[in-house]
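Naming convention: chains lettered A, B, ... in sequence-line order (proteins, then strands); numbering from 1 in each chain. These numbers come from the heavy atoms of this one structure, side chains and all, not from hydrogens, waters or symmetry mates.
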Amino acid sequence: MSTTAAPTRTERLAAGTADYLDQRTGLGAAVKTFARKIFPDHWSFLLGEIALYSFITLIISGIFLTMFFVPSMTETVYHGPWASLNGVQMSEAFSSTLRLSFEVRGGLLMRQIHHWAALIFMASIVTHMFRIFFTGAFRKPRELNWLVGFTLLILGLLAGFSGYSLPDDVLSGNGLRIADGVALAVPIIGTYASYLLFGGQFPGQDLIPRLFTVHILVVPGLILALIGLHLFFVVLHKHTQYPGSGRSNKNVVGYPLFPIYVAKAGGYFFLVFGVIALMGATMSINPVWSYGPFDPSPVSAGAQPDWYMLFLEGALRLMPGQAEIVIGGFTLSLNIIVPAMIVPGVLFTALAIYPFLEAWVTGDKREHHLLDRPRNRPFRTGFGVSLLVAFLILVLAGSNDLIATHFHLSINDITWAFRVLIFVGPWFAFWVTKRICLGLQRKDRELVLHGHETGRIVRFASGEYIEVHKPLDAHERWIRVQHDAIRPLEIEPAEDSRGVRRKGYRIDRMRQRISTVFYEDRVEPVTPAELAAAHSHGEHDSLAAADAHAEVTAGVGAGVVSDGRDHLSADARDH
Amino acid sequence: MSTHDNGHEAGHDVVVHDGDALPARFENPGFEKHHPRMGDLDEHANKKSERIVVALFTISILGTLFFLIAYFVWPPGTTPVEMRRSNLALGLGLAFALLGIGTAAIHWAKALMNDHEKSEERHEQRSDDDTRAGAIEVLKDGAADSAIGRRGVLKGAMITALALFPLPIVLALIGNIGEDWNIGQLKHTMWKKGTRLTTDPVGRPVKASDVTIGSVWHIIPEGLDKEPHPLDEKAKAVVLLLRLDPRDIKREQGVGWSYDGILAFSKICTHVGCPVALYEQQTHHLLCPCHQSTFDVADGAKVIFGPAKRPLPQLPITVDDEGYLVAQSDFHQPVGPSFWERLK
């Protein structure tokens, strides 16, 4: 370390640069504000970071790919090192993909990195989104950022689908053909939508160049801009934090950006990129040379789109064909409209508007910076799980042919099973999740009121046996009692004191009904009074009292002895 | 909410009464005590962490060097083995170059950097009332300066001009993006009376006598490669040719459309357009591998399972003087997925 008396050469250089920049930009103020900004630490906050870093990886590898890929549907004949396709007629897009994979050094690696990064990008967006959902991080003031994130999810799907179709291989070509079939099914304008997409009939000459522009300019440009907005909001709102000792709605507890998060988050980028590079090195993905160039005639059995499109594929497979109807000579393909437009429409709309719906039925206008433990919001957690289960069932339905061949089952039976499950599964998942949440909350109450079981069984002089419980310390207790008890809304009566019907009563009534669905079943956190009552109650549970008596230590596995008085009611509705 | 059973020991009531005076909620107990790390207490452990960080950075440097060497030593070559080796070597080099830096930086942060948590105040997002009033004032001043308030026509003209100016771009785009917008093309294929059925992809004409019972042929119309846009035509015109024992055929879509048990169906699924390719010879079922629509070719290609509604259109065929299979006409209905104007 140098002394102030004699600054080193580096220090003088740094000071000079800083002075130069500050005089021209006023950088000093920004550095002072942001350099030591506090961010809380939790593993689940890294999910969004994975999304960001896999996007940077996508851009780096993507720029490399554009140098060699030719987005053209012009027909050509392949001559190159991949012997089995020599002399085969194909588009320039496909042949340049082959050249990029086999002749450009590191080209195959970059392609595989790009594709793996895309899968991880989507996976991390979805898991990040559900982390936000289950912890209630979308509440005021972050509702707008939820919508920004939601739009990023949609753009991610678009980026994935447009990129995946670029090599013009037979697998993605059949995917585009399905997209064309879906476009044609749109009522009234469907045929024009298809012509708009393909520049005329399928497959036409325009699609690959158009997808290329969408894939490398329009969509990533929008994603980049929205990521900027997304992060701007994070800085503006300051990051949410999990509840805990010393953490409140009015502070943010964690480590400073410089140096902790510069090192941790910076390092994490390299970790994410490194893992994706490892995947690109060791795991083959989308080997288009084994599928062959696009041709409208061949198709491969067991074909699957990338995982994030699989739910659409599954929905298409489940819908019975009888749904197609003809009205006044016009064909309405409900067998396609329902699974390809209405089902994803409902799933995505539910996701997008949930924060607004919850705020409305909760009647909550406060800012929330402390996250919820998912168990403390049984309805929300159950609803989120049921959305995920619906998604999962559709994903599995999109793999029904693989399930059939792997497990030697009838494809028709599997399809029928999924047709039933898509209606039953989400409800069942909702019910089970809600019960689990309520059970966990009861467990929390039990722990706060009675402490940890210690396994020590004590006999009193009177002959009575009890198990000694160790009370929770203040920090253990706090995490279990810090949340608000949320009750169904109470509304003003239908008529005022003079018997005049109140305006807006019907809406209030509906709101109250929904609120009851959300919050009627609940377990409220222990209050100090309840704890005091419980302690006085089972006073001889305490160690001091127990030690005064002859002590019998029970062996492990000995049945827990209950004195009946440990069963303070922790019932859901005992208010 | 106190639902205890009756206290049965003296002194209970007193405590419960005390409880009534307690606060309604628990107090936040404040920060937990900081637990020092091994390296904070033990100089050796600290040094060891430092050495680990150095080692991890070194792994990264070695990874980069390995990549640079592998780039020159193992080019992709001409065989799959060489291609795989090149990819593996470059990928491992890059992965270690990146993972080394990542793990080093994170280990540094976790083991060596100050790990005392800090707390920062939050402030409400909402601006205070003075600021809000000021903002409204500024906007009012601006509106007054613009003198827009009293000029309704000016306002209308401005809004109209702004609303209309994107039209030239939109019109030019919409006008051209669908090329000729001739959606009638969807209703016709290049099959016509006398077009020979030829094999896909070589285009060899098929003699009826070559088609054995139980076989399946992938068929394209003769002269497909001479079309201006062969793929567009092929996407509509591909046909599956099958021969059944004539006694097995229960129904056809038109009288005399088959030839001696030889049937020709459009290969494009009536659901969303995948090529229907899996044929089960024993049951005469055709299965679309994309969404499992199943068609019974012995019964006019009727849908017996899955998301498609309509049978695969049948191509009426016959033989010409030389014994080659030819089409009697085009399909009698549009092939492929349904669309709004399909029946118009």
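In this structure, chain A has a heavy atom under 4.5 Å from the side chain of D180(B), while its backbone stays farther away. In this structure, no portion of R84(B) lies under 4.5 Å from any heavy atom of chain A. Looking at L531(A), the atoms closer than 4.5 Å to chain B (heavy atoms on both sides) all sit in the side chain, from C-beta outward. Only the side chain of K267(B) comes within contact range of chain A, judged by heavy atoms closer than 4.5 Å. Heavy-atom distances place the side chain of N400(A), and not its backbone, under 4.5 Å from chain B. For A235(B), the parts lying near chain A are the backbone and the side chain together; criterion is any non-hydrogen pair under 4.5 Å. For a residue to count as touching a neighbouring chain, one of its non-hydrogen atoms must lie under 4.5 Å from one of that chain's; by this rule S101(A) does not touch chain B. Of the atoms belonging to R477(A), it is side-chain heavy atoms, and not backbone ones, that fall under 4.5 Å from chain B. Neither the backbone nor the side chain of Q89(A) comes within contact range of chain B, judged by heavy atoms closer than 4.5 Å.
At a threshold of 4.0 Å, the pair R247(A)-E117(B) counts as salt-bridged, since one of the basic side-chain nitrogens sits closer than that to a carboxylate oxygen.
Using modelled atom types, no side-chain atom of R317(A) and backbone atom of P307(B) make a donor-acceptor pair closer than 3.5 Å. E367(A) places a side-chain N or O within donor-acceptor distance of the main-chain N or O of Q125(B), the cut-off being under 3.5 Å. Not a single donor-acceptor pair under 3.5 Å links the side chain of K238(A) to the backbone N or O of H123(B). Panel note: side chain Y195(A), backbone E179(B); no donor-acceptor pair is recorded below 3.5 Å. With hydrogens and angles ignored, the 3.5 Å screen pairs no side-chain donor or acceptor of R105(A) with any backbone N or O of W74(B). In this structure a side-chain-to-backbone donor-acceptor pair under 3.5 Å is present from R210(A) to I177(B). The closest donor-acceptor contact from the side chain of N87(B) to the backbone of G280(A) lies under 3.5 Å.
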